Structures are given as structure tokens and as C-alpha cells.
Amino acid sequence: LLGALARTLRSLLSIRDVVEKNENLAEALAQAGKKLGLHPFVFRKQTEMARRESFGALASIHKLLFRADFNIKTGQLPARFAFLDIFVRN
């Protein structure tokens, strides 16, 4: 579950980066969709989500996921508490 959330967040960060940096947005998004290897429907939905959130907000959530993953893998927190920590902090 944590891996799936992190992968989605990385895709959102990539899409948001494209949205912020490109003047020819349609072409840049088409290239990003191919590069990410997402189904067109999933890419369209993630593009809508990425446009609603700032890059900073997405990066902050990604950092929380990274911290939870680290805490689980190093045995610092059981998985249920690591997930709870994500939702309490956000």
C-alpha cells in the first residue's frame, strides 16, 4: 500500500513539475504521459489532481510517506502506527 501511494505521489510530482515549467503544456503533458507509462485515463485523472495541489504540498506528502516507509523498514514504528502518523500529521 505504501509503495502504491508513493508511486502515485511521484507521478503527481512529475506532472505538477511539467505543468509549472512548460509553455506548450499539451505537448509536454503528452510526453510526460508516455514517459510515466500511465494509462490515458489514469494520467488524465492524475493531471487533474496535480493541478489542484501545489508542488510544495505534494512534496510534503511524499516526505511523510518516505518517513513512514523508513520507520517501518528500520523497525522504529509498527506499520499501523506509521500510517496513523501520516494521517495525523497531514
Side-chain angles (χ1 to χ4, degrees):
L1 182 62
L2 194 57
L5 290 172
R7 182 177 188 272
T8 299
L9 229 5
R10 284 191 299 273
S11 294
L12 291 172
L13 284 164
S14 295
I15 294 167
R16 184 64 201 190
D17 189 48
V18 167
V19 168
E20 288 182 359
K21 291 184 177 178
N22 289 286
E23 292 178 16
N24 189 352
L25 191 56
E27 183 180 324
L29 283 173
Q31 290 175 357
K34 289 178 186 176
K35 183 179 177 184
L36 291 171
L38 297 173
H39 186 277
F41 176 79
V42 173
F43 182 74
R44 187 172 59 248
K45 291 298 181 181
Q46 286 190 359
T47 299
E48 292 170 9
M49 289 183 349
R51 286 180 169 172
R52 285 192 300 258
E53 298 294 332
S54 70
F55 188 87
L58 294 170
S60 170
I61 296 168
H62 189 265
K63 185 178 178 180
L64 290 173
L65 289 174
F66 176 80
R67 183 178 323 152
D69 186 49
F70 179 81
N71 288 338
I72 292 167
K73 289 180 178 176
T74 59
Q76 294 180 22
L77 283 176
R80 66 178 180 263
F81 292 133
F83 279 105
L84 183 60
D85 189 48
I86 291 171
F87 293 108
V88 169
R89 289 181 189 262
N90 202 10

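These numbers were taken from a predicted model, which means no experiment stands behind them. Values below: all heavy atoms of this structure, side chains included; hydrogens, waters and symmetry mates excluded.
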Sequence neighbours excluded and cut-off under 3.5 Å, please list the side-chain donor-acceptor pairs for residues 8-21, or say none.
{"from": "Thr8", "atom 1": "OG1", "to": "Ala4", "atom 2": "O", "distance (Å)": "3.0"}
{"from": "Ser11", "atom 1": "OG", "to": "Arg7", "atom 2": "O", "distance (Å)": "3.3"}
{"from": "Ser14", "atom 1": "OG", "to": "Arg10", "atom 2": "O", "distance (Å)": "3.1"}
{"from": "Arg16", "atom 1": "NE", "to": "Glu20", "atom 2": "OE2", "distance (Å)": "3.1"}
{"from": "Arg16", "atom 1": "NH1", "to": "Ala50", "atom 2": "O", "distance (Å)": "3.1"}
{"from": "Arg16", "atom 1": "NH1", "to": "Arg51", "atom 2": "O", "distance (Å)": "3.1"}
{"from": "Arg16", "atom 1": "NH1", "to": "Glu53", "atom 2": "O", "distance (Å)": "3.4"}
{"from": "Asp17", "atom 1": "OD1", "to": "Lys21", "atom 2": "NZ", "distance (Å)": "3.2"}

Find the distance between CG (Leu77) and CZ (Phe83) and round it off to the nearest 0.5 Å.
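Here the rounded value is 11.5 Å.
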Can you tell me how far the OG1 atom of Thr47 sits from the CG atom of Leu25, to the nearest 0.5 Å?
8.5 Å
Which residues pass the side chain to side chain contact (heavy atoms under 4.5 Å, CB included) test with Arg52, not counting sequence neighbours?
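Arg52 satisfies side chain to side chain contact (heavy atoms under 4.5 Å, CB included) with Glu48, Met49 only.
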For Ala30, enumerate each residue passing the side chain to side chain contact (heavy atoms under 4.5 Å, CB included) test, keeping only those at least two apart in sequence or located in another chain.
none
So, for Ala82 and Ile72, which heavy atoms are closest and what is the spacing to 0.1 Å?
CB-CG1, 3.5 Å
Listed by chain and number, what are the side-chain hydrogen bond (donor to acceptor under 3.5 Å, both in side chains) partners of [X], not counting sequence neighbours?
{"X": "Lys35", "result": "none"}
{"X": "Lys45", "result": "none"}
{"X": "Asn71", "result": "none"}
{"X": "Gln76", "result": "Thr74"}

Hey, could you give me each pair passing salt bridge (charged side-chain N to carboxylate O under 4.0 Å, His left out) that has a residue in residues 70-81? Not counting sequence neighbours.
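Salt bridge (charged side-chain N to carboxylate O under 4.0 Å, His left out) check on residues 70-81 returns Asp69-Lys73.
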Cluster check Phe66, Ile61: I/L/V/M/F/W/Y, side chain < 4.5 angstrom:
no
Check for me, please, whether Phe43 and Leu5 land in the same ILVMFWY cluster - side-chain distances under 4.5 Å, paths through other members count.
no
